[in-house]
Each structure stands twice: as structure tokens, then as C-alpha cells.
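What you see below is based on every heavy atom in this structure, not just the backbone, and it leaves out hydrogens, waters and symmetry mates. All of these numbers come straight from a predicted model, not from anything done at the bench.
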Amino acid sequence: MKVPDLNPAGYREAVLIQNRLRKKLILQTSFDKNNVNIIAGCDNSIIKEKNLMLAGVILFKFNEAKELVIIEKTFSKGKINFPYIPGLLSFREIPTLLSAFKKLKNKPDLIFADGQGYAHPRRMGLASHLGIILNTPTIGVAKSRYIGVFKEPGKRKGSVTDLVDKDEIIGKVFRNRANVKPVFISPGHLVGMNDIINLVKMVSGKFRIPVPTRIAHIETGKFRMELLNNVKKK
DNA sequence: GCGACAG
DNA sequence: ATCTTGTCGC
């Protein structure tokens, strides 16, 4: 993945890349969830003092009780070579994510990424960008709003409202657990706006964050602790 | 010009 | 994202 330099020219280049990718973005797909066998969740972590970006990918399958079971985990680390700029998050986090995805033995049918997908100023958030690069369906699961306006969803688990930007529905605000802050779901690549909530409900679990990204976050945190402990031993 | 701003 | 103690509530 091309990561532009951090200067005004690089910034413009990153925006151009996103605008070009947007033309490749495919949303209007009726997604057949019966073809979903392997599900992935991914997340990043940072060791600031070492300038390290970490990434983890967790693969799941459904057992007979329709529960998610972990079948594979991969992790990766790499130098941080792009700052945090709202709108350009993918250039910071995707390179390390890709090296973790390359280590997988199995190929996921659907990826849940921690961040926005279509709910982005250029409709090209982390989840969309990742899906296009991997040519795999993705869904963005963000813990907070980036852009858009919405009505507060009902307090019950499963309540949904639209996330709207300039009169366009760009995602959904979804309460994954009763009386807890909602999450912000938006299509990534190869998944339509009408399918994302049903797909998230398949992996909702018991907590605020749906299972794939929640477990990916926890496991990547463990990976981070292991790295810090190894440094300590030396 | 001012405020907002995924991780 | 990371840093970071106690504390309120189911």
C-alpha cells in the first residue's frame, strides 16, 4: 500500500488516492449471509515510545449453536510512518493490518474493521479502503461518530437510527447493548446499506462492541503486553 | 473565521 | 490510539 509522505503534497496525494478508490467502491450488493463461513475482526494498537504500530486479525467460524469460535489469530508490528489525521486514518493503520492479513492461512468471507467505512467525508474510511485492497467484503464498526447527524436510537439492544450527511444516509447508529452508548456501523466494500445491520446482529454478542472487533481489540492488547514484557526481560 | 474531528 | 484511580451501578 502506498503511504504518502507527511507534507502538503503528500496530504493532497492521499486525498486523490481516496477519491480514486471511491470509484471502485461497491455498495449496492445484496449480501448472502449464507455464504459467510469465515468472519474476521481486526484492530490496531500503538506503542508510542517505540513508534510501533501493532495490528491483529482474528478469524471466527460459527459453531452449531451459532456462536463465534476463534479459528486463527495473526499479529504484526511495523514502524509508524503516518500521523493521525482525521479522514486519513487508513494510511496510518492499514499497512500493518495488511501484513497481519498476509499471515493468515484461511481467507475471511467478511471483515469487521474498527473505524468508519462509508461514513467518511470522501466515503472512503478505513473499512472501505481495506475492503478494496483485500477485495473482500468489509463493514465499519466505529466507537464514535466522525461525521453525520442522527437521532438517538432507542435504549433497547438492537435499536437503530440513520446516520445522515448532506441528505444522504451514510451509515447506521446501532445500540448493541441496552442502555449503553451505540456504535456507528457503515458499509465498507461489497456490502450494501441494507445488509449491514443484519450482519452485525449475527455477531453482536453481549457487549457494546460486536464480537469480531471486540475480540480483535482484546487480543491485540495482549499482543502489545507480550511485546512490552519481552522488552522488559532483555 | 470558528468549531469539529474515526483511531 | 494512549495515559490513568476510584467509583457508580447492574
May I ask you to say whether E152(A) pairs ionically with R175(A), meaning some side-chain N is under 4.0 Å from a carboxylate O? yes
I'd like to know if the side chain of D162(A) and the backbone of V164(A) have a donor-acceptor N/O pair within less than 3.5 Å. no
Between which nucleotides of DNA chain C, read 5' to 3', does contact with chain A run, using atoms under 4.0 Å from its heavy atoms? dA1(C) to dC3(C)
T138(A) side chain to A127(A) main-chain N or O, any donor-acceptor pair under 3.5 Å? yes
Could you tell me whether R123(A) and D165(A) make a salt bridge, using a distance below 4.0 angstrom between a side-chain N and a carboxylate O? yes
Under a 4.0 Å heavy-atom criterion, the protein footprint on nucleotides 2-7 of chain B, written with B, S and -, is --SBBB
Sidechain-backbone polar pair: H120(A) side chain, G87(A) backbone, donor-acceptor under 3.5 Å: yes
Quick check against the 3.5 Å criterion: does K103(A) have a side-chain atom that pairs as donor or acceptor with the backbone of F75(A)? yes
Counting any heavy atom closer than 4.0 Å, what does H217(A) reach on the DNA or RNA strands: base, sugar-phosphate only, or nothing? sugar-phosphate
Taking D43(A) for the side chain and T213(A) for the main chain, is one N or O donor matched with an acceptor at less than 3.5 Å? no
Watson-Crick or G-U pairs under 3.5 Å in DNA chain C, rendered as dot-bracket with [ ] for crossing pairs and | for another strand: ..........
Counting any heavy atom closer than 4.0 Å, what does R177(A) reach on the DNA or RNA strands: base, sugar-phosphate only, or nothing? nothing
Do E93(A) and Y84(A) get their side chains close enough for a donor-acceptor pair, meaning under 3.5 Å? no
Identify whether NZ of Lys or CZ of Arg in R214(A) sits under 6.0 Å from the centre of the six-membered ring of F207(A) and within 45° of that ring's axis. yes
Heavy-atom donor-acceptor pair, R145(A) side chain to G148(A) backbone, under 3.5 Å: yes
